[in-house]
Amino acid sequence: MKENKINREVVESARIFGQWLNTVACKFAEREIAETSKNRTKKVKQLKARILKQIETDTINAESPQDMIYRTYMRLNSSLQEDVPSKAAKFLDAVNSGDELSFTKARQMLLMYMRMSPDN
């Protein structure tokens, strides 16, 4: 059972990173859909869902932990230029070092938390 234990700070940091991806996907969708667009709320939600689905695909197809982080970060950051919250550093460091977290567990955590909006 011990091999399944993950440092709580790393888990909390993964949640922060995942929720940040969710927030940035929403901001991107809101920026892309015109304020005057009919059914804007629905269209924003649909675009956000498509963006998150693409990030999920990138995450699943990543060849290394570093590739996973690069793909998830760069897809959104190239257009919005938002910094990752500093509280996500523990997760990112754990992913990059591989010392505390396997690639498989990191991928699973990221996939789970990026579908969690910050208000949950």
### Task
List in chain and number order the residues that pass salt bridge (charged side-chain N to carboxylate O under 4.0 Å, His left out) with D93, two or more places apart in sequence or in another chain; answer none if no residue qualifies.
none
## Note on the structure
Across all chains, not counting sequence neighbours, the side-chain contact (heavy atoms from CB on, under 4.5 Å) partners of K90 are E9, S13
### Query
Who pairs with N61 by side-chain contact (heavy atoms from CB on, under 4.5 Å), at least two apart in sequence or on another chain?
T57, R71
### Task
Indicate yes or no: at least one non-hydrogen side-chain atom of I55 is less than 4.5 angstrom from one of L110.
no
### All salt bridge (charged side-chain N to carboxylate O under 4.0 Å, His left out) counterparts of E100, not counting sequence neighbours
none
#### Entry: Sequence-distant partners of Q54, side chain to side chain donor-acceptor pair (under 3.5 Å), two or more places apart
D58
### Query
So how far is it from I33 CD1 to K42 NZ, rounded to the nearest 0.5 Å?
12.5 Å
### Summary
Across all chains, not counting sequence neighbours, the side chain to side chain donor-acceptor pair (under 3.5 Å) partners of E56 are R115
#### Entry: For R15, side chain to side chain donor-acceptor pair (under 3.5 Å) partners two or more places apart
Q19
### Query
Sequence neighbours excluded, which residues qualify as side-chain contact (heavy atoms from CB on, under 4.5 Å) partners of V84?
F17, W20, Y73, A88, L92
### Query
What's the spacing between I69 CD1 and R107 CZ if we round to 0.5 Å?
11.0 Å
### Heavy-atom pair with the smallest gap, counting every atom of A106 and V95
CB-CG2, 3.6 Å
## Note on the structure
To the nearest 0.5 Å, atom CG of L52 lies from atom OG1 of T72 at 11.5 Å
### Task
Might you point out which heavy atoms bring F91 and L101 nearest each other, and give the distance in Å?
CE1-CD2, 3.6 Å
### Query
So which pairs with a foot in residues 29-40 pass side chain to side chain donor-acceptor pair (under 3.5 Å), sequence neighbours left out?
S37-K43
### Message
Going by salt bridge (charged side-chain N to carboxylate O under 4.0 Å, His left out), name the residues that satisfy it together with K27, two or more places apart in sequence or in a different chain.
### Response
E82
### Task
Please list, chain by chain and in numerical order, all residues satisfying side chain to side chain donor-acceptor pair (under 3.5 Å) with S102, sequence neighbours excluded.
none
### Message
Assigning hydrophobic clusters by single linkage (Ile, Leu, Val, Met, Phe, Trp, Tyr; side-chain heavy-atom cutoff under 4.5 Å), is I16 placed with M116?
### Response
no
### Message
For L111 versus M114, what's the shortest heavy-atom pair and its separation?
### Response
O-CG, 3.6 Å
#### Entry: Straight-line distance of I60 CD1 to Q108 CD, nearest 0.5 Å
10.5 Å
### Message
According to salt bridge (charged side-chain N to carboxylate O under 4.0 Å, His left out), who are the partners of E12, at least two apart in sequence or on a separate chain?
### Response
R8
### Message
Let me confirm one number: the CG-CZ distance from D67 to F103, rounded to the nearest 0.5 Å.
### Response
7.0 Å
